[in-house]
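Working notes for the structure below.
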Amino acid sequence: MWEKVLAVAKRRGFLWPAFDIYGGLRGFYDYGPLGTELKKNIIEIWREYYVLTEGFAEIDSPNLSPEMVFRASGHLDKFEDYMTVCGECGAAFRADNLVSAENADSLGAEDLWYEMRKERIRCPECGGELTKPEPFNLMFRTSIGPKGKKERVGYLRPETAQAMFMDFQHLYRYFREKLPFGAVQIGEGFRNEISPRQGLLRLREFNMAEAEIFFDPEDKIWPGFERYRDDEVLLLPNTGDELQISLGDAVKRGIIKSEALAYFVGLTRSFLLKIGIDRKKLRFREHLADEMAHYADECWDAEVLLSYGWVEVVGIADRTDYDLSRHMEFSGENLKAVRRYAEPREVEVSEVVPDFKKLGPLFKGDAKKVADALRAMNSDTLKGDVALEIDGREYVVPEDSYRVEKVRKKVSGEEFIPHVIEPSYGIDRILYAVMEHNYHEIEEGGETYRILRLPAPVAPVKAGVFPLVPKDGLDEKARLIYENLRKARINAFYDDSGSIGRRYARMDEIGTPFCITVDYHSLEDDTVTIRFRDTKEQVRVGTDRVAVEIADLIEKGGCTAP
RNA sequence: GCGGCUGUGAUCUAGCUGGUUAGGAUAGGGGCUUCCCAAGCCUCUUGCCCGGGUUCGAAUCCCGGCAGCCGCACCA
């Protein structure tokens, strides 16, 4: 099946293997003119959901990041696996899975190699000799800046998400310090897959659309949940069997842990159906504990049934406070939000008050550093002389150079690290799925007739415009209609070659929902026919009404006569 | 990365026990014809995955690479 879909995609200009004239390279595709348009339309509808409807803020950040970002995000550690290969049968294994040491996954190449030899580990498949473990990271590494001292290690991002965490402070302020809010980013991600396969399903450079929704972990009630509460979804929880259930009930029964997460399951489902995913071939599967990403606490994948089997197209993960905490730790910046009280409260807190009259003479220029360190200590347990270590130097602070005081303070709120829910969409996979789910073959007189039944809003070409025959002024009239459609920002396609049937067929194959034909009748009463892809029905409308009608039909999304 | 199968115009394919200008169909362009669903006629365009070897001569045999499919492994 995918061969057929990809064959049409290639022939008609949706997708081409990249670098084709040099033999191609696995895991890279070019989008042709129709594919680019289709992708654009899918992304535009995604924006309608996330940016226009939800009011989330879209940002756009670099593809290339300095190393520290992925130290903080965990991608460098968690994703640097050590691979060992069998010299006999060629099977590859993760070295840390073979050795019995408890901390195996944190060992380096040398230690793993030592362990492997100590335990006399051989190939679990055939008993052959294994090679020394080699680090393997799925991120593309490069260097930033000129060679030499100023050179820095950089990586192409494996997800767009990190920028939204790093920009948290800006975003928080942008949203007037109110939670929940969301940020989105649409862009490329890069993963150096060992073995890309199956067309668009595993690319090394791919398009993703991600949203990060920041919220107060004590308040996972989601304001707009009503919108999807009664939607029936097919769920596959990690604890039991597949079930059809409304999202409201799924939350009530604890199958999905929060309304917030369930909301994005509902939103995702609505989006996927709108762009043409077959509702019978869509389910949401909960990750098993051991397949969860290092940052996730709960994760539901939207999966679509393709000829390859069930394929993940969207991951909706509860990333908790993992990312913000890590970036706080690695950057030293404060990435917290404030939970404001209705009324500022008076609270009594104990505080360390350094006595500079004593500290000054004692520590001279270091006095301020010492005082800061003192203030940072737990005032409840502080007593007596205090030994401090700052920047490798030891200080002993005598008991009489500070005091602990109870202070009454006005507190207007408390700080906390927001939690994050992340719906992450693989655009390329979705685009392929939309094509496959809408690809139909009809046998007609021994010939195979292909129709791509794309919903009108995603179809790359909205309308074909034809003169029934290219003479007697029919062609001029058709060209005029074509021009008018384009002026109305409707992507139309003019064609006067060959027979009318052939032209309809061409449009059907690329998923064009409507065809407008100028016939001899048009010359008399200034009407033309609109032909509907899915039913081949035709209706007549006035020439001056065409652009409005088509715009209206696209809006409605259907592809049959009204 | 390993193993199996495979690679001929845009697509499907013939040729592949080595031997002239690689044949067909579909698609595509131009023209004729045509009053609504791949009709017909004329005409034209595009190809042996890449590199090396064997040979007088390679699409054909051998080696390597690249790519595709399937299986294994991997997949934050």
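Nothing here was measured: the structure is a model prediction, and the numbers come from that model. Chain letters run A, B, ... following the sequence lines, proteins first, then strands; residues in each count from 1.
- In this structure, of B/G28, B/U11, B/A76, it is B/G28 that holds the atom nearest to the side chain of A/R506.
- Pair check for B/C66 finds B/G7; Watson-Crick or G-U wobble, both atom distances under 3.5 Å.
- Of the nucleotides present, none pairs with B/C35 by Watson-Crick or G-U wobble criteria with both distances under 3.5 Å.
- Comparing the P positions of B/G30 and B/G18 gives a spacing of 45 Å, expressed to the nearest Å.
- Atom CD of A/E537 is separated from atom P of B/C37 by 16 Å (rounded to the nearest Å).
- Taking atom C1' in both B/U6 and B/C42, one finds a spacing of 39 Å when rounded to whole Å.
- When both distances must be under 3.5 Å, the Watson-Crick or G-U wobble mate of B/G71 is B/C2.
- Base contact: A/Y449 has a heavy atom under 4.0 Å from a base atom.
- At B/C36, none of the side-chain N or O atoms of A/R503 fall inside 4.0 Å of OP1 or OP2 (strictly under the cut-off).
- Of the possible donor and acceptor atoms, none in the side chain of A/Y50 sits under 3.5 Å from a partner among the backbone N and O of A/G182.
- Comparing the same atom, C1', in B/C75 and in B/G4 gives a spacing of 23 Å after rounding to whole Å.
- Comparing B/G47 with B/U26, their C1' atoms sit 15 Å apart, to the nearest whole Å.
- Applying the side chain to side chain contact (heavy atoms under 4.5 Å, CB included) criterion to A/D321, with sequence neighbours excluded, gives A/S325, A/I417, A/H419.
- Of the charged side-chain nitrogens involved, none lies within less than 4.0 Å of a carboxylate oxygen, so that A/R453 and A/D508 do not count as a salt-bridged pair.
- Going from the C1' atom of B/C36 to that of B/U43 covers 27 Å, rounded to whole Å.
- Pairing partner, B/A76: none, since no Watson-Crick or wobble contact has both distances short of 3.5 Å.
- The nearest whole Å value for the distance from the CG atom in A/L474 to the P atom in B/C36 is 12 Å.
- Proximity of the aromatic rings of A/F271 and A/F264 is defined here by a centroid distance below 6.0 angstrom, and this criterion is not met.
- Relative to the side chain of A/I500, the nucleotides B/C74, B/G29, B/C36 differ in distance, and B/C36 lies closest.
- The shortest distance between side-chain heavy atoms of A/L431 and A/F14 does not fall below 4.5 Å.
- Residue A/K536 has no polar side-chain atom (N or O) positioned under 4.0 Å from OP1 or OP2 of B/C36.
- Straight-line distance from the CH2 atom of A/W16 to the P atom of B/U11: 12 Å, rounded to whole Å.
- For B/U34, one of the phosphate oxygens OP1 or OP2 lies less than 4.0 angstrom from a side-chain nitrogen or oxygen of A/K471.
- The nearest whole Å value for the distance from the CG atom in A/D495 to the C1' atom in B/G28 is 12 Å.
- Between A/D508 and A/P470, it is A/P470 whose nearest contact on RNA chain B lies nearer the 5' terminus.
- The distance between atom CZ of A/F19 and atom P of B/G65, rounded to the nearest whole Å, is 21 Å.
- In this structure, A/E509 places its CD atom 9 Å from C1' of B/A27, rounding to the nearest Å.
- Here the two rings, on A/W46 and A/Y425, have centers that are under 6.0 Å apart.
- Atom CZ in A/R450 sits about 10 Å away from atom P in B/C12, given to the nearest Å.
- Residue A/D519 places a side-chain atom within donor-acceptor reach of the base of B/C36, judged by atom type and a 3.5 Å distance cut-off alone.
- Judged purely by distance below 3.5 Å, without hydrogens or angles, the side chains of A/T517 and A/Y504 pair a donor atom with an acceptor atom.
- Near-neighbour residues of RNA chain B inside residues 313-321 of chain A, defined by a heavy atom below 4.0 Å, are absent.
- Cation-pi geometry between A/R204 and A/F28 is not met at under 6.0 angstrom from the ring centre and within 45 degrees of the axis.
- Checking the phosphate oxygens (OP1, OP2) of B/G68, a side-chain nitrogen or oxygen of A/R26 falls inside 4.0 Å.
- Results of the side chain to side chain donor-acceptor pair (under 3.5 Å) test with A/S424 over A/E210, A/R319, A/E312 single out A/E210 as the only residue that passes.
- Contacts between residues 420-442 of chain A and RNA chain B, counted as heavy-atom distances below 4.0 Å, involve no residue at all.
- Note: A/F190 and A/Y155 fail the aromatic proximity criterion, with ring centroids not under 6.0 Å apart.
- Atom P of B/G24 sits at a distance of 15 Å from the matching atom of B/G15, rounded to the whole Å.
- Base pairing analysis places B/A22 opposite nothing; no Watson-Crick or G-U wobble pair with both distances below 3.5 Å involves it.
- Both cation-pi conditions hold for A/R479 and A/Y494: the charged atom is under 6.0 angstrom from the six-membered ring centre and inside a 45 degree cone around its axis.
- Relative ring orientation between A/F214 and A/F165 is described as perpendicular, the plane-to-plane angle rising above 60° on a 0-90° scale split at 30° and 60°.
- Residue A/D30 contributes atom CG, which lies 15 Å from atom C1' of B/A67 at whole-angstrom precision.
- Across all strands shown, B/C61 forms a Watson-Crick or G-U wobble pair, both distances under 3.5 Å, with B/G53.
- In terms of phosphate contacts, A/T517 brings no side-chain nitrogen or oxygen within less than 4.0 Å of OP1 or OP2 of B/C36.
- Between A/E312 and A/K10, the residue whose closest nucleotide on RNA chain B is further toward the 5' end is A/K10.
- Distance check on atom P: B/U17 versus B/C49 gives 16 Å, rounded to whole Å.
- Using C1' as the reference atom, B/U8 and B/A59 are 7 Å apart when rounded to the nearest Å.
- Taking only distance into account, the side chain of A/T529 meets the base of B/C36 through a donor-acceptor pair shorter than 3.5 Å.
- The cationic group of A/R283 lies under 6.0 Å from the six-membered ring centre of A/W310 and within 45° of the ring axis, placing it in a cation-pi geometry.
- In terms of phosphate contacts, A/R502 brings a side-chain nitrogen or oxygen within less than 4.0 Å of OP1 or OP2 of B/G28.
- A/E159 comes within contact range of no nucleotide atom at all, as no heavy-atom separation falls under 4.0 Å.
- Nucleotide B/C16 has no partner under the Watson-Crick or G-U criteria, as no pair reaches both atom distances under 3.5 Å.
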